[in-house]
Amino acid sequence: MMILLNPGPVNLSDRVRNALLRPDLCHREVEFSQLQSTIREKLLQVYDLSGDRWAAVLLTGSGTAAMEAMVTSLVPRNGKLLVIENGVYGERLSKIANIHGIDYIAQQHPWGAEIDIKGLLTLLDENDDITHLAVVHHETTTGRLNNLVQLGKICQERNIQLLVDAVSSFGAEELNFESWGITACAATANKCLHGVPGTAFVIVRRDALAGADTIPRTLYLDLPTYCQQQDKGGTPFTQSVQVFYALAEALQELEEQGGWRARQTHYSQLASLVRNELLAMGIEPLLPATSSSVVLNAYHLPNGLSYDEFHDKLKAQGYVIYAGQGTLAKSIFRVSTMGAIARADMERFLAVVKQILTD
Ligand SMILES: *Cc1c(COP(=O)(O)O)cnc(C)c1O
């Protein structure tokens with residue numbers, strides 16, 4: 001078996017994999033309705049959200065579908081969006097706004113940089129027509145965990161709706177929807193929730209859905225349409241039924257294992273182990289632990305070893321690491337802790353790295 005140290009799709013537990021084999025189901029039958037409702041409730045329960053104020057809207061697609069649904073459905077035609085960019089996924093939020101002709105500006109940072117709050121306040125002062133702010137919680141590009149506490153406070157003070165890409169943090173990092181003033185967050189089944197790729201979702205405040213434009217910008221990704229039909233047990237389009245089975249099982253497993261806090265603890269233990277051991281071998285992290293998520297950390301490549309060589313040697317021993325993107329492609333590698341990975345798997349991985357470096 002390959003141990004996947006890439007940030008999704010993840011290694012599945014046996015119980016999640018076996019859930020894929022449940023009976024064939026028509027998405028217009030009551031059994032599907034029940035499955036869908038269970039998932040929607042459990043997604044809200046991950047962060048103790050009330051179903052009166054919040055809705056989990058399920059889509060068939062990858063995490064990017066949820067990002068695109070969130071941005072296109074919630075920023076109205078007379079709204080204006082500010083996107084914070086400090087990595088690939090922040091830039092993707094801008095691309096979405098650009099493609100759909102949404103009025104937006106971007107606050108650009110170098111990849112991995114901390115959000116410049118002073119600069120943000122200046123930008124907001126200069127653009128007092130901003131209605132929405134979009135940001136990535138965990139920037140998987142570098143492993144930086146952006147601080148949403150400060151952003152939430154700024155947005156609440158200025159009556160700006162906060163849209164969060166939590167695709168690689170939902171289920172394993174703290175997300176305080178109510179006190180941080182989050183309006184919506186986009187996430188996926190196959191990262192920290194340990195499900196199968198093919199289903200993504202947006203957790204959204206119901207009053208924000210009610211305020212959306214009546215004529216949608218997209219047919220397939222319109223959140224109000226999905227939400228209305230899902231509230232009645234239906235779905236506008238065919239959903240990925242087997243992937244739903246797996247997600248329901250993964251959510252049940254998360255609950256039994258102690259919820260997001262227990263998962264955060266487990267990831268954190270794995271991440272510290274990797275960080276300490278790699279450092280002892282002379283492999284430096286890109287960012288300090290205090291700025292990084294527990295979900296993924298980026299490291300400088302060991303001296304004299306190209307990414308491809310390092311990757312291929314590890315893969316031959318059963319471990320898949322993840323390359324850097326863009327200009328980081330030649331200088332870093334990434335190690336994720338998500339998925340059904342045990343401490344013993346990480347210990348073996350580290351032993352293999354050590355062996356490769358000795359050779
Ligand atoms: C993985 C990821 C996405 C979505 O990627 P997909 O390939 O569409 O699943 C979006 N944002 C972040 C921060 C991610 O890590």
Side-chain angles (χ1 to χ4, degrees), residues 4-12 43 57-72 74 83-97 99 106 109 111-113 115 133-148 151 162-175 182 184-203 218 220-221 240 243 246-247 250 263-264 267 271 286-287 291-298 320-326 328-329 332-339:
L4 302 182
L5 302 175
N6 51 290
V10 296
N11 283 119
L12 303 177
L43 284 172
V57 183
L58 284 165
L59 307 164
T60 284
S62 77
T64 305
M67 293 167 74
E68 193 158 357
M70 175 174 74
V71 172
T72 55
L74 298 178
V83 179
I84 298 181
E85 299 176 356
N86 60 352
V88 168
Y89 298 98
E91 292 175 10
R92 187 173 295 179
L93 286 165
S94 286
K95 273 190 192 163
I96 291 168
I99 283 171
H109 303 78
W111 286 3
I115 295 171
L133 186 146
V135 66
V136 178
H137 186 208
H138 169 218
E139 242 310 345
T140 324
T141 315
T142 57
R144 177 175 284 282
L145 190 66
N146 285 318
N147 183 348
L148 298 188
L151 287 181
L162 179 59
L163 310 181
V164 179
D165 168 350
V167 176
S168 64
S169 54
F170 191 96
E173 294 283 3
E174 181 177 16
L175 277 165
I182 292 173
C185 104
T188 186
N190 65 286
K191 294 201 183 187
C192 307
L193 293 180
H194 298 186
V196 176
T199 294
F201 57 92
V202 179
I203 308 277
T218 96
Y220 192 70
L221 295 173
S240 47
V243 177
L247 178 55
R263 187 148 293 173
Q264 185 186 46
Y267 283 9
L286 184 71
L287 299 176
S291 308
S292 302
S293 72
V294 298
V295 179
L296 174 141
N297 283 219
V320 174
I321 55 168
Y322 208 51
Q325 287 151 295
L328 294 176
I332 69 161
F333 68 100
R334 293 178 286 173
V335 178
S336 172
T337 52
M338 61 174 77

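Counting starts at 1 for both ligands and their atoms, following the listed order. The analysis underlying the following values was restricted to heavy atoms, covering all of them including side chains, and did not include hydrogens, waters or symmetry mates. These figures come from a predicted structure and were not determined experimentally.
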Under 3.5 Å, which donor-acceptor pairs link side chains of residues 87-97 to any protein atom two or more places apart or in another chain?
| unit_1 | atom_1 | unit_2 | atom_2 | d |
| --- | --- | --- | --- | --- |
| Glu91 | OE2 | Trp111 | NE1 | 2.8 |
| Arg92 | NH1 | Thr64 | OG1 | 2.7 |
| Ser94 | OG | Glu85 | OE2 | 2.6 |

Under 3.5 Å, which donor-acceptor pairs do the side chains of residues 191-201 form with other protein atoms, sequence neighbours left out?
| unit_1 | atom_1 | unit_2 | atom_2 | d |
| --- | --- | --- | --- | --- |
| His194 | NE2 | Tyr267 | OH | 2.6 |
| His194 | NE2 | Gly339 | N | 2.9 |
| Thr199 | OG1 | Ser240 | OG | 3.0 |

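Across His138, Arg263, Glu173, a single residue satisfies side chain to side chain contact (heavy atoms under 4.5 Å, CB included) together with Val294, and that is Glu173.
The closest donor-acceptor contact from the side chain of Asn11 to the backbone of Leu4 lies under 3.5 Å.
Residues that satisfy the side chain to side chain contact (heavy atoms under 4.5 Å, CB included) test with Leu162, not counting sequence neighbours, are Leu133, Val135, Cys155, Val164, Ile182.
Using a heavy-atom distance under 4.0 Å as the criterion, the protein contacts of ligand 1 are Ser62, Gly63, Thr64, Met67, Tyr89, Arg92, Val136, His138, Thr140, Asp165, Val167, Ser168, Lys191.
Scanning both residues, Val295 and Ala172, for their nearest heavy atoms gives CG2-CB, 4.2 Å.
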